[in-house]
Student: 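First the structure, which I've put down as structure tokens, then a few questions once you've had a look.
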Amino acid sequence: MDATLTPARGDALPRGFFARPVLDVARDLLGRVLRHDGEQGPVAVRLTEVEAYAGEDDPGSHAFRGRTPRTAVMFGEAGHAYVYFSYGMHWCTNLVCGEEGSASAVLLRGGEVVEGLELARSRRARRDVDLARGPARLAQALGLARDQDGADVCAGGALQVHAGVPVPDDAVAWGPRVGVSGAGALPPWRAWVAGEPTVSPYRAAAPRRREPRRPPAR
DNA sequence: CCGGTGATGGACT
DNA sequence: GTCCATCACCGGA
């Protein structure tokens, strides 16, 4: 094989990569390339921002209240995608980690489109740097939705994580999680590549203001 | 640049 | 009925 034919992509990461402690996987996912070969064509994203969720003991995790039909994938084998629907219009993508049953996962929060730029552009967004900036836009750029929930990324299927270029420790930044109430009480489990423009802006989890219900106008 | 807020549907209590 | 692991758009400075 001529390795120079796909110099930047590398082999798909094996299941053993994901079947490790979630913080290790989160850190090591930075710089890797998530590729989805969908019906409309391939799009690949170099991951620049991720967030770790520890499972049933983690108040911020969907697994916190135990196994439900929606979260069943999280309780399964590492190396599968957990894709969930949020706010009535967005899809977000996680990769299940650790030992089976640990329900730990890494939320993919941001990346840089490195393949399929035209297709990603056609799926909306204004500036290229925003195409996969934020978990919902990342999923949208790649064309990930309900169909990919539970997909095995280690089985040679349409969704794979390629080796990419690992990021050295001194280029990895850590900070509080985004959009999770009580995130400050937890260790900083969000990791990103320092200085990358594709990292989503940090916003403190502002408690939703509760407005007293008023009767509908008119 | 910043903060406020509406859109919109499913999971869960 | 309430709560979202969000985003885009708007108006103000």
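Lettering follows sequence order; numbering is per chain, from 1.
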Student: Check this for me: does any side-chain nitrogen of one of A:E196 and A:R46 sit under 4.0 Å from a carboxylate oxygen of the other?
Tutor: yes
Student: Within this structure, what is the CH2-to-C1' distance between A:W91 and B:dA7, rounded to whole angstrom?
Tutor: 17 Å
Student: Please say whether the positively charged group of A:R20, taken as NZ for Lys or CZ for Arg, lies over the ring of A:F18, i.e. under 6.0 angstrom from the six-membered ring centre and within 45 degrees of the axis.
Tutor: no
Student: Quick one: pull up CG in A:D57 and CZ in A:F64 and give me the separation to the nearest 0.5 Å.
Tutor: 8.0 Å
Student: Taking all non-hydrogen atoms of both residues into account, name the closest pair between A:V193 and A:V199 and its distance.
Tutor: O-CG2, 4.0 Å
Student: Of the candidate nucleotides C:dC7, B:dG9, B:dT8, which contains the atom at the shortest distance from the side chain of A:F85?
Tutor: B:dG9
Student: A:Y87 stacking on C:dC7: centroids under 5.5 Å, ring planes under 30°?
Tutor: no
Student: List the steps and the verdict of side-chain hydrogen bond (donor to acceptor under 3.5 Å, both in side chains) for A:S200 and A:R133.
Tutor: CA-CA 5 Å; A:S200 63; A:R133 186 176 186 233; over 6 Å; no
Student: Can you say whether a donor on the side chain of A:Y84 sits under 3.5 Å from an acceptor on the base of C:dA5, or the other way round?
Tutor: yes
Student: Give the rounded distance in Å between these two atoms: CZ of A:R127 and P of C:dA8.
Tutor: 11 Å
Student: Could you check which of B:dG9, B:dT8, C:dA5 has an atom nearest any side-chain atom of A:Y53?
Tutor: C:dA5
Student: With respect to the side chain of A:R109, which nucleotide from C:dT6, B:dT8, C:dA8 is positioned closest?
Tutor: C:dT6
Student: Can you list the stems that include DNA chain B, where a stem is three or more consecutive Watson-Crick or G-U pairs with distances under 3.5 Å?
Tutor: B:1-7 with C:6-12, B:9-12 with C:1-4
Student: Considering only Ile, Leu, Val, Met, Phe, Trp and Tyr, and joining two whenever side-chain heavy atoms are under 4.5 Å apart, list the other residues clustered with A:V83.
Tutor: A:F85, A:W91
Student: Ignoring backbone atoms, test whether A:R133 places a side-chain nitrogen or oxygen under 4.0 Å from the OP1 or OP2 oxygen of C:dC7.
Tutor: no
Student: Below 4.0 angstrom, which residues in residues 65-83 of chain A have at least one non-hydrogen atom near DNA chain C?
Tutor: A:M74
Student: Is any side-chain nitrogen or oxygen of A:H62 closer than 4.0 Å to OP1 or OP2 of C:dA5?
Tutor: yes
Student: Assess whether a salt bridge exists between A:E77 and A:R15, defined as any Lys/Arg side-chain N lying under 4.0 Å from an Asp/Glu carboxylate O.
Tutor: yes
Student: Over how many whole Å does the gap from A:Q140 atom CD to C:dA5 atom P extend?
Tutor: 19 Å
Student: Is there a side-chain contact between A:L29 and A:F17, using heavy atoms and a 4.5 Å cut-off?
Tutor: yes
Student: Could you check whether A:R146 pairs with A:D149 (Lys NZ or Arg NE/NH1/NH2 to Asp/Glu carboxylate O, under 4.0 Å)?
Tutor: no
Student: Specify the separation, in whole Å, of atom CZ of A:R146 and atom C1' of B:dG10.
Tutor: 9 Å
